[in-house]
2 protein chains.
Amino acid sequence: MSQTVDRALSILPLLAQGPADLGQVAERLGVHKSTALRLLRTLHEHGLVHRQQDQRYRLGARLFALAQEAVENLDVREIAHPYLTALNERIGHTIHLAVYEEGEVVYIDKVESRYPVRMYSRIGKPVAITVAAVAKLLLADLPEPERRAVAAKLDYPPYTPRSTPNAAAFLKELATVREQGWATDLGGHEESINCVGAPIRGADGRVVAAMSVSAPNVVVTAEELLTLLPQVRDTADAISREYSGTAPTKEASA
Amino acid sequence: MSQTVDRALSILPLLAQGPADLGQVAERLGVHKSTALRLLRTLHEHGLVHRQQDQRYRLGARLFALAQEAVENLDVREIAHPYLTALNERIGHTIHLAVYEEGEVVYIDKVESRYPVRMYSRIGKPVAITVAAVAKLLLADLPEPERRAVAAKLDYPPYTPRSTPNAAAFLKELATVREQGWATDLGGHEESINCVGAPIRGADGRVVAAMSVSAPNVVVTAEELLTLLPQVRDTADAISREYSGTAPTKEASA
DNA sequence: AATGAGCGTTGCACATCCTGCAACGACCAC
DNA sequence: GTGGTCGTTGCAGGATGTGCAACGCTCATT
């Protein structure tokens, strides 16, 4: 692995915490100022860092551009999107699409009733991975050792009394999810929000993404939300079929 | 500037266009495969690229994490947010906050009626920079030479008949915006959407950000939208005062 | 005004680290 | 079974990154 690049990339998370000047970057990187300067300049030329008026560096706009383009090129997302909006038009609630990647669960699409906005607001954050329905679905499909490893490393914040309390409970929940082929989050993240989710599978049967429907208690009870499960699973299955090439490729209706 | 880092970073926009395998990366980078491999590995270790099952590389989730943290650490955004939501509660329409950075205009916050969602969906994209009210505000404040340079380099896509047609018209519009201290987009991007915006200034009087209110024609006419201008300007001014330290610092009400 | 400290910047000599080569192994198609 | 493609590895040569020291700038201090 390349030392120079390694150092340069280490600057990014450092700046993510907040702006820093040359001296701080050099110190936290453990290199000479002149070295840090050259690295920062290179990052700057690529638009990944930006220099503000006070000469301090912070992350640049190109980063958003990259993240944006990246998410738009995810083929699962592209395939799934019309199905998600179609489902949304029928049932009206918020729909999420998420993927698992190297220890993290990331929302890659969202459809909100009447507002078809893609929102990435939670992206990258440690998003309730211990309670979210999509997270359960994605983790439930991991190979045994990785699943245990991930579960052991996680924190289990008690968002609500119904949040997953610890690794043991989580693994047990994952086993259930794995067996039944769908997942819920009943007030585990926010007291009044319930979710039902289903997995999207690739040609080899592995879970490549997960989708969920969320609704507040005041609109539909948890029981009512569960009656939507068949529709959610049907949608997920339809996406799975198209994604794995086993289905009518150019049709996104119900 | 560092050659190694330069090459490594050049991989990112390359992968933004879509997944690529080692050979493609090496070729498009003009380096040997083994070199490309080492660079990709380093990027991978930092989570910036991800390797999918077919061994091809694509951009990784850490990129979102960085973009997310970056946007959350922008102090303008942090200061402005409560003002934006307060205004939104009064008038109900969609509110945007944007900044200018090295030739690009980027949305850094958005408040939608009843849905206080931060949406970054347009981030990084060449977002209607020739017609958006916030873009006009930000560009209008650039120093003369840079303004001309940017205007000359832009494309002027005819989104609608009312879109800015060319650089001359754009510069003229910017002059107007600069003089009057506010800007509009009346159907210049989408036929049925109008916007009014106002600038947010730092202590030195320079425009550091811009905000706008958007509403579809069917809800409010352009004339009605313009009656909101005083409120928009007041909000922008209030943010400016707090941002530049000339105001009650811990108050975000109307 | 003068002085000094702090910070970013530059040019350079050294040697570290990156590069490209060639060979190996895995996988797939024919 | 065989040929081809692609990712991977170890290595030697040298290009490239590194740290040093000195300079200039701005700002705070006396």
Side-chain angles (χ1 to χ4, degrees), chain A residues 1-15 17-60 75 101-102 143 202-206 244-245, chain B residues 1-15 17-60 75 101-102 143 202-206 244-245:
Chain A
M1 308 106 234
S2 165
Q3 186 192 63
T4 316
V5 178
D6 185 53
R7 284 173 169 171
L9 297 183
S10 300
I11 295 178
L12 297 179
L14 195 154
L15 289 185
Q17 299 168 18
D21 61 32
L22 179 62
Q24 295 168 335
V25 172
E27 186 190 11
R28 299 193 56 179
L29 221 63
V31 300
H32 196 270
K33 278 189 305 178
S34 57
T35 303
L37 179 64
R38 197 145 22 84
L39 297 178
L40 280 165
R41 277 198 181 144
T42 312
L43 289 169
H44 180 80
E45 278 191 6
H46 286 260
L48 296 184
V49 308
H50 177 70
R51 197 152 199 195
Q52 34 191 30
Q53 283 98 339
D54 59 357
Q55 289 208 117
R56 291 190 304 169
Y57 295 90
R58 60 169 175 77
L59 295 181
D75 39 357
E101 187 168 309
E102 329 216 0
D204 54 358
R206 286 206 51 196
S244 51
Chain B
M1 305 107 234
S2 163
Q3 186 192 63
T4 315
V5 178
D6 184 54
R7 285 174 169 171
L9 297 183
S10 300
I11 294 178
L12 297 178
L14 195 153
L15 290 185
Q17 298 167 19
D21 61 31
L22 178 62
Q24 295 168 337
V25 172
E27 186 189 12
R28 300 193 54 178
L29 221 62
V31 299
H32 196 269
K33 276 189 305 177
S34 57
T35 303
L37 179 65
R38 197 146 21 83
L39 297 178
L40 280 165
R41 276 195 181 149
T42 312
L43 289 168
H44 180 79
E45 278 191 5
H46 286 259
L48 297 185
V49 308
H50 178 69
R51 198 152 198 196
Q52 33 190 33
Q53 283 99 338
D54 59 358
Q55 288 209 116
R56 291 190 304 168
Y57 295 90
R58 60 170 174 78
L59 296 180
D75 37 359
E101 188 169 307
E102 328 214 3
D204 55 359
R206 286 205 51 196
S244 50

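If you're wondering where the values come from, they're calculated on a predicted model, not measured in any experiment. Naming: A, B, ... by sequence-line order, numbering from 1 per chain.
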Participant: To the nearest 0.5 Å, what is the distance between NE2 on A:His44 and OH on A:Tyr57?
Facilitator: 8.0 Å

Participant: When rounded to the nearest 0.5 angstrom, what is the spacing between CG in B:Leu12 and CG in B:Leu43?
Facilitator: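 Answer rounded to 0.5 Å: 5.5 Å.
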
Participant: Which atom pairs link the protein and nucleotides 5-8 of chain C when you take only N or O atoms and keep those under 3.5 Å?
Facilitator:
unit_1 : atom_1 : unit_2  : atom_2 : d
C:dG8  : OP1    : A:Leu22 : N      : 3.0
C:dG8  : OP2    : A:Gly23 : N      : 3.2
C:dG8  : N7     : A:Lys33 : NZ     : 3.2

Participant: Given 3.5 Å as the limit, does a donor-acceptor pair link the side chain of A:Glu27 with the main chain of A:Gln24, or not?
Facilitator: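 Looks like no, no N/O pair under 3.5 Å.
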
Participant: Would a distance-only check, ignoring hydrogens and angles, find a side-chain to backbone donor-acceptor pair under 3.5 Å from A:Ser10 to A:Asp6?
Facilitator: yes

Participant: Return yes if some donor-acceptor pair links the side-chain N/O of B:Thr42 with the main-chain N/O of A:Ser2 below 3.5 Å, else return no.
Facilitator: yes

Participant: Considering every strand and a 4.0 Å limit on heavy-atom distances, what is the contact class for A:Arg41: base, sugar-phosphate, or nothing?
Facilitator: sugar-phosphate

Participant: Which parts of nucleotides 11-21 of chain C does protein reach within less than 4.0 Å, heavy atoms only, written one letter per nucleotide 5' to 3' as B for base, S for sugar-phosphate only and - for none?
Facilitator: ------SSBBB

Participant: If the threshold is 4.0 Å, N to carboxylate O, is there a salt bridge linking A:Arg56 and A:Asp54?
Facilitator: yes

Participant: Is there a side-chain contact (heavy atoms from CB on, under 4.5 Å) between B:Leu39 and B:Thr4? Walk through the geometry before answering.
Facilitator: CA-CA 8 Å; B:Leu39 297 178; B:Thr4 315; 3.9 Å; yes

Participant: Going 5' to 3' along DNA chain D, which are the first and last nucleotides with any atom under 4.0 Å from a heavy atom of chain B?
Facilitator: D:dG7 to D:dG17

Participant: Taking B:Arg51 first and then A:Glu102, would you say they form a salt bridge - that is, a charged N and a carboxylate O separated by under 4.0 Å?
Facilitator: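 Answer for the salt bridge query: no.
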
Participant: Do you know the tightest heavy-atom contact between B:Glu101 and A:Gly60?
Facilitator: OE2-CA, 3.2 Å

Participant: Quick one: bend of the helix from C:dA1-D:dT30 to C:dC30-D:dG1 from 5 pairs per end, to 10°?
Facilitator: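 Roughly 40°, once rounded to the nearest ten degrees.
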
Participant: If you define the side chain from C-beta out and look only at heavy atoms, does anything of B:Val31 sit under 4.5 Å from B:Arg7?
Facilitator: yes

Participant: CD of B:Gln55 to CG of B:Leu22: how many Å apart, nearest 0.5 Å?
Facilitator: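 If we round to the nearest 0.5 Å, B:Gln55:CD and B:Leu22:CG are 9.5 Å apart.
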
Participant: Listed by chain and number, what are the salt bridge (Lys or Arg N to Asp or Glu O under 4.0 Å) partners of B:Arg41, not counting sequence neighbours?
Facilitator: none

Participant: Between the protein and nucleotides 27-30 of chain C, list the N/O to N/O atom pairs that are separated by less than 3.5 angstrom.
Facilitator:
none

Participant: For the backbone of A:Leu48 and the side chain of A:His46, can you confirm whether one donor and one acceptor N or O come within less than 3.5 Å of each other?
Facilitator: no

Participant: If you apply the rule side-chain contact (heavy atoms from CB on, under 4.5 Å), what do you find for A:Leu9 with A:Val5, and how did you get there?
Facilitator: CA-CA 6 Å; A:Leu9 297 183; A:Val5 178; 3.8 Å; yes

Participant: May I ask you to test the B:Gln17-B:Arg58 pair for a side-chain heavy-atom distance under 4.5 Å?
Facilitator: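 Sidechains of B:Arg58 and B:Gln17: no contact.
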
